[in-house]
Amino acid sequence: MALKLYNTLTRQKAEFVPIEPSNVRMYVCGPTVYDYAHIGNARPVIVFDVLFRLLRHIYGPDHVTYVRNITDVDDKINARAARDYPGLQLNEAIRKVTETTEKQFHSDIAALGVLPPTYEPRATEFIRRQDGREDMVSLIDTLVRRGHAYVAENHVLFDVESMPDYGRLSNRTLEEMEAGARVEVAPYKKGPMDFVLWKPSKPGEPAWPSPSGILVPGRPGWHIECSAMAGALLGPVFDIHGGGIDLTFPHHENEIAQSRCAHGTAAMANVWMHNGFLQVEGEKMSKSLGNFVTINELLKEWPGECIRFAMLSTHYRQPINWTEKALGEARRTLDHWYELTEGLPGDGPMCADVLQALEDDLNTPQAFAALHELRSEAAKGSIGAARCLKASAQLLGLLQLERAAWLSWRPSAMNLDEARVASLIDARLAARRAKDFKESDRIRDELAGMGIALKDRKNKETGEIETTWEVAR
RNA sequence: GGCCACGUGGCGGAGUGGUUACGUAGCGGACUGCAAAUCCGCGUACCCCGGUUCAAUUCCGGGCGUGGCCUCCA
């Protein structure tokens, strides 16, 4: 079966046909590095990591190019830098904010089992380049030269009237947008929907020599960076562009406008993919509601693979409701999968049903159903099913650890004396052997009070009772 | 106000014009000193109102509800 993907441009699922099967090219909008990434940021990162893995599986690991950018020039970054490092010069403070945030982002998503993309360009590296690659300034100059952009009061603005099918991605016409507009329009704009490609910098703010004959230094608008980085690293037309659904308008619409008008192409990317929005315990995630969940905090309470599993248990285009309960279910399932696949090589055969589910627009819930089926067969003793389970789960970025490493995971707040746990378990087993059940139950209760749940099992060969334990939930 | 999604069993969550999703919780059983874990078995759900159809949860229309975008929030 061929890979099918839902395309926001056509509002349909269609067979994916790469421009060059020897080099499948994908771009995904990455984070703006000014604060801890939250669980909503994690969704596209995980979802498109699964797509990256699937494409590598289908076309070969060397035949997929994946670009996910880092946005390190932005007003929010400037504001955060001024707030957190009032003593430093702004540019120095900005560098501190972006460097530490980027480092944190990388360690957070690595814990979620996310592969590094092929390229991870920073926006500031593509404002002006010396190597002849496309950059933001050259893109803006081209847009002005071709009559798609104009200079006004030291800004460069994109002229949306110059693009006849502006609005196709978000499926709205200029009239509709203007009718609903609630924004005050800057007086220097020719059209109310025109957007900023370049703007002047205030003294002390990050600044670069401006394009288009503007004499004062400035900085880029938000959308132009993705056009420049995608153009430089993937070419004027590439296969897949991904991101959160909230970016459809205006960000992606404007990326398309810039890239197509600068390159004179009919498309920027052939397939546009958008993941659905995330809510937390049934409510919108927001700082004021106090339910703002960062990846970093979550990783203190849950193993990364749990978070990944929970994220993938909803289809990527559906809205997802992020709950503790789902994380608990994910952990139990993974416990079981790890137990059944312990010590097996990861190069087993791929489950056809898992692959088929993923090839149907990344239907991860259906893939999980197939994995549950394998789990059931593996539990009955099928080594083949267990090997298949491991290989197939690994395609999803799960079961990446040794079982011992999985079992040794602890919540960061848990301060356990593991030697004491082990001696209590031994004492309990001794009490049991002596049929002193009162004492053995007392020890079990004591351990439960420490947050430890026990599991007894009879060793089939020796007939002895063996006890394992885990962190209770 | 304009545009766009979504609404499935207690909960999570796929899918389909007529036939079992799956998981989890719950219930029954096996096992166990008792639990937990594990294994076996059990659920007959698809927001409301019309329409199309032999047949609709699935298609069409309307309504209600929730959410997103239109404010450089993934």
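Residue numbers start from 1 in every chain, and the chains themselves are labelled A, B, ... in the order their sequence lines are given, proteins ahead of strands.
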Whether A:Arg172 engages the ring of A:Phe249 as a cation-pi pair (distance to the six-membered ring centre under 6.0 angstrom, angle to the ring normal within 45°) should be assessed. yes
Round to a whole Å and report the spacing from NE2 of A:His315 to P of B:U8. 16 Å
Between A:Ser170 and A:Arg219, whichever has its closest RNA chain B nucleotide further toward 5' is A:Ser170
What is the distance from CD of A:Gln258 to P of B:C72, rounded to the nearest Å? 14 Å
Side chain A:Asp159, main chain A:His148, donor-acceptor under 3.5 Å: no
Pick base, sugar-phosphate or nothing for A:Leu278, based on heavy-atom distances below 4.0 Å to the nucleic acid. base
Are the side chain of A:Thr333 and the backbone of A:Glu329 linked by a donor-acceptor contact shorter than 3.5 Å? yes
Given side chains that start at C-beta, do those of A:Tyr6 and A:Asp360 come closer than 4.5 Å, heavy atoms only? no
Is A:Phe437 touching bases, backbone alone, or none of the nucleic acid, heavy atoms closer than 4.0 Å? base
Please work out if A:Ser440 contacts a base, only the sugar-phosphate, or nothing of the nucleic acid, heavy-atom cut-off 4.0 Å. base
Does the gap between the ring centers of A:Tyr119 and A:Tyr66 come in under 6.0 Å? no
Strictly below 4.0 Å, heavy-atom distances to any atom of RNA chain B: list the hits from residues 32-50 of chain A, or just say none. A:His38, A:Gly40, A:Asn41
Less than 4.5 Å apart, any side-chain heavy atom of A:Leu143 and any of A:Gln258? yes
Give one of base, sugar-phosphate or nothing for A:His274, where a contact means two heavy atoms less than 4.0 Å apart. nothing
When you measure from the side-chain N and O atoms of A:Asn363 to the phosphate of B:G15, is any distance below 4.0 Å, counting only OP1 and OP2? yes
Are A:Phe277 and B:A74 stacked, counting the six-membered base ring, centres under 5.5 Å, planes under 30°? yes
For the aromatic rings, using the six-membered ring if either is Trp, is the centroid distance between A:Trp198 and A:His155 under 6.0 Å? no
Would you mind classifying the nucleic acid contact of A:Glu373 as base, sugar-phosphate or nothing, using non-hydrogen atoms under 4.0 angstrom? nothing
Go along nucleotides 34-41 of chain B 5' to 3' and tag each nucleotide: B for a protein heavy atom under 4.0 Å from its base, S when only backbone or sugar atoms are that close, - otherwise. BBBSSSS-
B:C72, B:C3, B:G7: which one has an atom nearest the side-chain heavy atoms of A:Gln318? B:G7
Within less than 4.0 Å of OP1 or OP2 of B:G68, is there a side-chain N or O belonging to A:Lys284? yes
Does OP1 or OP2 of B:G23 have a side-chain N or O of A:Thr333 closer than 4.0 Å? no
Is it the case that A:Asp361 and A:Tyr316 place a side-chain donor and acceptor less than 3.5 Å from each other? yes
Counting N and O atoms only, with roles assigned by atom type, does the side chain of A:Arg43 sit under 3.5 Å from a partner on the main chain of A:Phe277, one being a donor and the other an acceptor? yes
Look at the side chain of A:Arg172 and decide which nucleotide, out of B:C72, B:G2, B:A74, has an atom nearest to it. B:G2
Pairing partner of B:A36 (Watson-Crick or G-U wobble, both distances under 3.5 Å): none
